[in-house]
Amino acid sequence: MRAVSDEQLIEWVAKGDASCLGTLFERYHKSVYRFCLQMTRNTHQAEDVVQEVFIKVLKKAGSFRHDGTFKSWLFNVARNATLDYIRNNKRHKIMAPLDEHNESMLVDDQSAEKVTAGAQKINILEKALAMLPGHYQEVIWLGRFEFASFEELGKALGCKTGTARVRMHRAMQQLNVVYADLNGDPCDV
Amino acid sequence: MSDRKNPSLPFESSDASEQKLWQALGELPQAEPGANLRRSFYNELEKADSLSWGGRIRAWLGLSNNTGWATATACLMIGFGAAQLATENSSVESDRMVALEENIAMLNRELVLDRLQDDSPGTRLLGVHAASNLVAGDDEIAQALLVRASEDRSQSVRSAAIDALGPQLRSSRVGDELMLLLESAESPIVQLALADLVLRNGNQQQLGELLRLANDERLHPDLIQHVKKSLRSETI
């Protein structure tokens with residue numbers, strides 16, 4: 001069965017066929033959720049934002065221009081929606097405490113002995129990433145998990161390709177420092 | 001199934017510890033959204049697409065109080081769309097049909113997974129029957145069926161799940177899980193369902209394992225005779 005491209009589907013959505021948005025939702029809602037969760041640090045808020053993102057996609061489908069992929073446009077919408085959400089919910093800033101979901105991933109004193117050293121380092125890395133400023137978290141997350149080119153990453157972030165490249169470089173430098181600080185040593189996972 | 005494999009940027013820094021960090025980032029846990037997200041999204045989509053008709057159709061179908069109604073309604077809505085498009089002739093419409101079919105298949109799969117976790121044994125049984133058509137090549141469905149086969153409170157659901165997994169017995173992961181289940185199952189009905197499955201679809205190793213359990217008297221006494229008789233007649 002030939003899969004219809006994302007760009008074709010969003011064009012149909014723009015022409016009034018909202019059911020095609022269901023296909024796009026099925027293709028991307030998990031990725032968008034993970035990105036939003038990284039930024040909000042709260043499962044309920046992340047779900048709220050994902051829903052808002054796809055409703056925005058429905059409303060703004062007509063403004064999609066074919067000068068980039070649908071995916072980079074979608075993540076640009078997701079990024080803006082997440083930033084708006086964080087701005088409007090000051091008590092849930094980027095550095096808000098981790099919610100239940102994330103707490104469960106962390107190692108407490110009692111279970112530390114049971115967890116392998118590798119798993120502990122992943123937990124430290126997760127903490128270190130969460131401690132970075134939002135604009136560094138987003139560039140690392142999207143670059144590591146969603147986009148294979150700086151051009152598309154730049155479009156998702158709403159900046160030029162070169163800017164995305166520089167931002168990634170600085171973000172990784174900072175992550176390295178924070179990780180080494182938390183771990184006591186640089187990364188050797 | 002829904003999201004494609006994650007791409008990643010090639011890492012450009014020459015710093016060794018940053019490179020290791022980049023690799024390690026790939027090991028970060030990938031959270032799954034809750035089931036409510038899909039429901040509430042389709043609810044919103046339905047409102048946006050057809051505010052008054054959705055409620056009427058739900059009420060007419062008696063789905064108003066069912067937790068799976070959002071998914072069912074979305075299937076229905078897409079089904080209507082597909083039927084409407086089927087009457088039109090153009091390559092664009094054919095592409096749209098493909099998209100709708102893809103959507104229906106995904107929603108159907110989610111409905112099956114929802115049903116497999118329903119509180120009502122009857123609904124779970126329906127889910128098991130529907131899952132038997134989807135299990136080939138779908139690890140998530142196979143895993144959900146294995147959970148039903150090993151943990152479900154209802155023996156009927158467990159037996160049905162075991163039957164549904166039958167064709168997968170020769171795949172190593174499902175086969176190993178089912179053989180472990182055979183060793184630990186206490187209910188004679190579940191033991192019988194598993195033994196029958198092995199007798200019908202098992203490979204030589206699995207048949208040997210079944211015979212060992214029978215010889216060690218780790219199966220129900222009536223079942224031991226059944227197994228030995230069946231294996232003897234097969235050998236003859």
Side-chain angles (χ1 to χ4, degrees), chain A residues 1-4 8-9 12 17-23 25-31 33-34 37-38 43-44 46-47 50-51 54-55 58-59 101-102 105 118 121-122 125-126 128-129 140-150 153 165 168-169 172-173 175-176 179-180 186-189, chain B residues 1-4 6-13 15-34 36-38 40-50 74 77-78 80-82 85 92 94-107 109-110:
Chain A
M1 189 166 74
R2 183 166 59 93
V4 178
Q8 179 65 76
L9 287 167
W12 288 334
D17 188 347
S19 65
C20 292
L21 186 63
T23 307
F25 176 82
E26 294 299 338
R27 286 182 186 176
Y28 290 111
H29 77 279
K30 287 184 184 173
S31 301
Y33 170 77
R34 286 167 188 151
L37 181 60
Q38 177 60 39
T43 52
H44 299 298
E47 290 189 357
V50 173
Q51 182 149 327
F54 281 93
I55 295 303
L58 178 65
K59 290 177 181 165
H101 166 82
N102 292 290
M105 292 175 182
K121 285 180 178 172
I122 293 300
L125 177 58
E126 198 180 12
L129 181 61
I140 290 175
W141 189 271
L142 294 178
R144 186 64 184 86
F145 295 111
E146 300 301 339
F147 295 101
S149 81
F150 279 106
L153 177 62
R165 198 183 292 271
M168 174 67 86
H169 179 64
M172 285 304 294
Q173 277 182 335
L175 181 65
N176 200 15
Y179 178 88
C187 182
D188 61 349
V189 176
Chain B
M1 171 180 153
S2 53
D3 285 24
R4 288 99 179 250
N6 290 328
S8 174
L9 283 173
F11 193 65
E12 294 177 338
S13 168
D15 185 293
S17 61
E18 282 182 27
Q19 281 181 350
K20 284 178 182 169
L21 270 181
W22 188 253
Q23 287 299 319
L25 280 166
E27 304 295 318
L28 287 181
Q30 300 287 303
E32 293 286 323
N36 281 338
L37 175 61
R38 179 176 275 106
S40 52
F41 166 73
Y42 281 109
N43 197 10
E44 287 297 313
L45 183 59
E46 185 201 9
K47 274 188 210 162
D49 200 33
S50 152
M77 201 172 81
I78 291 162
F80 282 144
L85 291 172
V92 174
S94 144
D95 279 353
R96 203 177 295 199
M97 282 294 292
V98 171
L100 288 166
E101 280 169 10
E102 184 188 340
N103 211 354
I104 289 169
M106 285 189 287
L107 288 166
R109 179 175 177 279
E110 294 303 328

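These numbers come from a predicted model, not from an experiment. We name chains A, B, ... by the order of the sequence lines, and we start the count at 1 in each one.
- Listed here is the closest heavy atom pair of A/Glu47 and B/Gly34: OE2-N, 2.7 Å.
- Residue contact with chain B, scored on non-hydrogen atoms closer than 4.5 Å, involves the side chain of A/Ile55 exclusively.
- Residues B/Met106 and A/Thr23 are in side-chain contact: their nearest non-hydrogen atoms beyond the backbone lie under 4.5 Å apart.
- At a 4.5 Å heavy-atom cutoff, A/Leu142 makes no contact with chain B through either its backbone or its side chain.
- Side-chain contact between A/Phe25 and B/Arg38: present, with at least one pair of heavy atoms (C-beta onward) separated by less than 4.5 Å.
- Within the model, atoms CG of B/Leu45 and CG of A/Leu58 stand 6.5 Å from one another, a figure rounded to the nearest 0.5 Å.
- Smallest separation of non-hydrogen atoms from A/Glu26 and B/Leu107: OE2-CD2, 3.9 Å.
- Relative ring orientation between A/Phe54 and B/Phe41 is described as perpendicular, the plane-to-plane angle rising above 60° on a 0-90° scale split at 30° and 60°.
- Of all the heavy atoms in B/Glu102 and A/Arg27, the pair that sits closest is OE1-NH2, 3.0 Å.
- Nearest heavy-atom pair, B/Pro33 versus A/His29, reported as atom, atom and distance to 0.1 Å: CG-CD2, 3.9 Å.
- Side-chain atoms of B/Leu25 and A/Met172, non-hydrogen and from C-beta on, do get closer than 4.5 Å to each other.
- Atom CD of B/Glu32 and atom CG of A/Leu37 lie 11.5 Å apart (nearest 0.5 Å).
- Counting all heavy atoms, side chain and backbone alike, A/Asn176 lies closest to B/Leu21 at CA-CD1, 3.4 Å.
- To the nearest 0.5 Å, atom CD1 of residue A/Ile140 and atom CG of residue B/Leu9 are 11.5 Å apart.
- When all heavy atoms are compared, the tightest approach of B/Pro29 to A/Ile122 is CD-CG2, 4.2 Å.
- By the 4.5 Å heavy-atom criterion applied to side chains, B/Trp22 and A/Met168 are counted as neighbours.
- Taken from CZ in B/Phe11 to NE2 in A/His169, the straight-line distance is 8.5 Å, to the nearest 0.5 Å.
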